[in-house]
A.B. asks: 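There's a structure below that I have some questions on.
Below, read A as the first sequence line, B as the second, and so on, with proteins coming before strands; counting in each chain starts at 1.
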Amino acid sequence: MPLNAFPKVRTRIAPSPTGNLHLGTVRTALYNVLFAKKHQGEFFFRLEDTDRQRSEEQFTQEILEGFKWLNISWDTPEVPLHAPETLVGLGEDGIVRQSLREAVHSSYIERLINEGKAYRCFATVEELDAMREAQKARKEIEKYDNRSRALSKDDSEKLLSEGKPYVVRLNLGADHVITWLDLIRGEVSINTKDLGGDPVIQKSTGQVLYNFAVVIDDYEMQISHILRGEDHISNTAKQIAIYEALNFPIPAFGHLPLIFTKDKQKLSKRKHGDIASVNTYKTQGYLAKALVNYLLGTSYNSAKYGEIFTITEGAEDFQITSVSKSPAIYDIQKLNWYNRDYISKLNYQEILTYVSRFSKFDLENNSLFNSSQIQLIVESIQESLDKFEQIDEHINYFFEDFKLDDSTLITIAEEGKEVIHEFISLIESGSLDFADQNSIKNGINSIGEKLNLKGKKLFFPIRVAISAKTSGPELGFIAVLLGKEKIVERLNSALLETSHRN
RNA sequence: GCCCCCAUCGUCUAGAGGCCUAGGACAUUCGGUUUUCAUCCGAACAACAGGGAUUCGAAUUCCCUUGGGGGUACCA
């Protein structure tokens, strides 16, 4: 596709360090990466840290760690063509820090004032409140009435010299329609009359507003394609007005659908807590690749790879135009499915690394089992793990004893006790080989024949007695690893507990 | 209120006028395998929001309605 006036595809992610790394931010970043990869372009990272009230260094660190964990890296912007020397605010780490660019932003404000495209507005907050009240009383739409457009240059200079506080507003001119061809949505049009009057571009503190800073920074970083959340659609109209006032080439815009929860609300930290935060997934033991794949899959399916694909594979046939327009509802079950799938494909060294990190048992240096036994244990539960956080609930009975609770004991029942008795005598008769799974299994089978029991009635009592669980690897497998003594001990103690209960 | 965006199974999606009695995946349910559990295999369930218009023909184009969401700051 003929991209646009820009020589090269450059995209960016521009998070604010005002909270944890949000799933939505990651998703936006991912689509930007995908698009840049697909078009052999570059992807940049800009930190929008100008909100001094809410920005915190701790959040910056969390965001960077999150990106690192997810293995999303960015390119370093080169010296911009349009800007004079170096790109102000660019750090060694390739990150552009917006807070370091305030002087740059201000200089463009001055330029607009000099060109008559922006003006100072000395109206006080009280004055503007009164204006809105009056509009409300008249049942008009509340918006800035552009009153200061009329201020003469002399009057303006006078108020300025008197030290009166002011904001700078962009002169939107006569009402007109701003239209862009959205990469995802097609043509989008917004009339400037619905923008709430001439927008403030610089506060009375001298700091510029978000919409202005974004335009300046994207321009100097030569961003060619801006892919961001749908919640920015109305910002885009204002930003295009700023691009036009500044006579900057206008990049292409694409507005991605948002992530919703089941209640159809935008996924937010405030309302939905931890599930919005990337850190939660890292902590619970999700694989970064699975999370990436899930996030990408929410609004995009690879024609070539279907559901399961890496970011590189996804980029092969990525079409920004085929990204879904409607919101994606957050679905933990789908994420878990991805994660199970990725976990099950891990080789042993990989899974051991993860599992060790999440287990309270020292798997790599264990006194009960040697390394090949550990491998057998880990591999036996590899496919039943949704996330690594669950590791110990699957393997704890190998490492420590337990007390059966009522809900577990109930599965043993009367017949079960008999099964256990028989199993104990069989073991003690010495006819089972604890080095051989099949020997154990055959032994259990013979009990089944003797008592005329099969299926759950035969296997559950033993399973519960030796593992306190109704699911897990083969019984023979467990028995061989735990060994004769431990098995007998647990069988006896289960019998004891059932008798206490009855 | 005003402006904008969106609308296919419960969920994510395929579908760019006839290939659609709408395909796949997740979830769910039921079978088979495993004398248990997990895995695996098979099957079932289940959707074009409603109404008009265009057309020989519409999930696909247009309009309206309804529903949902976003925005509406000297926040980002």
A.B. asks: I'd like the P distance from B/A27 over to B/C20, given in whole Å.
C.D. replies: 27 Å

A.B. asks: Between B/A7, B/C37, B/G70, which one does the side chain of A/Ser471 approach most closely?
C.D. replies: B/C37

A.B. asks: Pick the P atom in B/C30 and in B/C45, then give their distance to the nearest Å.
C.D. replies: 15 Å

A.B. asks: Roughly how many Å is it from CD in A/Gln239 to C1' in B/C4, rounded to a whole number?
C.D. replies: 15 Å

A.B. asks: In whole Å, what is the span from the CG atom of A/Leu256 to the C1' atom of B/C6?
C.D. replies: 14 Å

A.B. asks: Is the A/Tyr338-A/Tyr286 ring centre distance short of 6.0 angstrom?
C.D. replies: no

A.B. asks: Ignoring backbone atoms, test whether A/Arg340 places a side-chain nitrogen or oxygen under 4.0 Å from the OP1 or OP2 oxygen of B/C40.
C.D. replies: no

A.B. asks: Under 4.0 Å from OP1 or OP2 of B/C74: is there any side-chain N or O of A/Gln207 that close?
C.D. replies: no

A.B. asks: Between A/Lys266 and B/G71, is there a contact of a side-chain N or O with OP1 or OP2 at under 4.0 Å?
C.D. replies: yes

A.B. asks: Whole angstroms only, please: what is the CH2-C1' distance between A/Trp337 and B/U39?
C.D. replies: 15 Å

A.B. asks: Watson-Crick or G-U wobble partner for B/U55, using a 3.5 Å limit on both distances?
C.D. replies: none

A.B. asks: Return yes if the base of B/C12 and the side-chain atoms of A/Thr298 contain a donor-acceptor N/O pair under 3.5 Å, otherwise no.
C.D. replies: no

A.B. asks: Does a nitrogen or oxygen in the side chain of A/Ser234 sit under 4.0 Å from OP1 or OP2 of B/C4?
C.D. replies: no

A.B. asks: Rounded to the Å, how far apart are A/Ile329 CD1 and B/G69 C1'?
C.D. replies: 11 Å

A.B. asks: From C-beta outward on A/Arg463, which listed nucleotide comes closest to its side chain: B/C75, B/C37, B/C4?
C.D. replies: B/C37

A.B. asks: Look through every strand shown and name the nucleotide pairing with B/C2 as Watson-Crick or G-U wobble, where both distances are under 3.5 Å.
C.D. replies: B/G71

A.B. asks: Taking only the C1' atom of each, what is the distance from B/U28 to B/A47 in whole angstrom?
C.D. replies: 16 Å

A.B. asks: Tell me whether the OP1 or OP2 atom of B/G68 has a side-chain N or O from A/Ser326 closer than 4.0 Å.
C.D. replies: no

A.B. asks: For B/G24 and B/A7, measure between their P atoms and round to the nearest Å.
C.D. replies: 23 Å

A.B. asks: OP1 or OP2 of B/C2 sitting under 4.0 Å from any side-chain N/O of A/Lys139?
C.D. replies: no

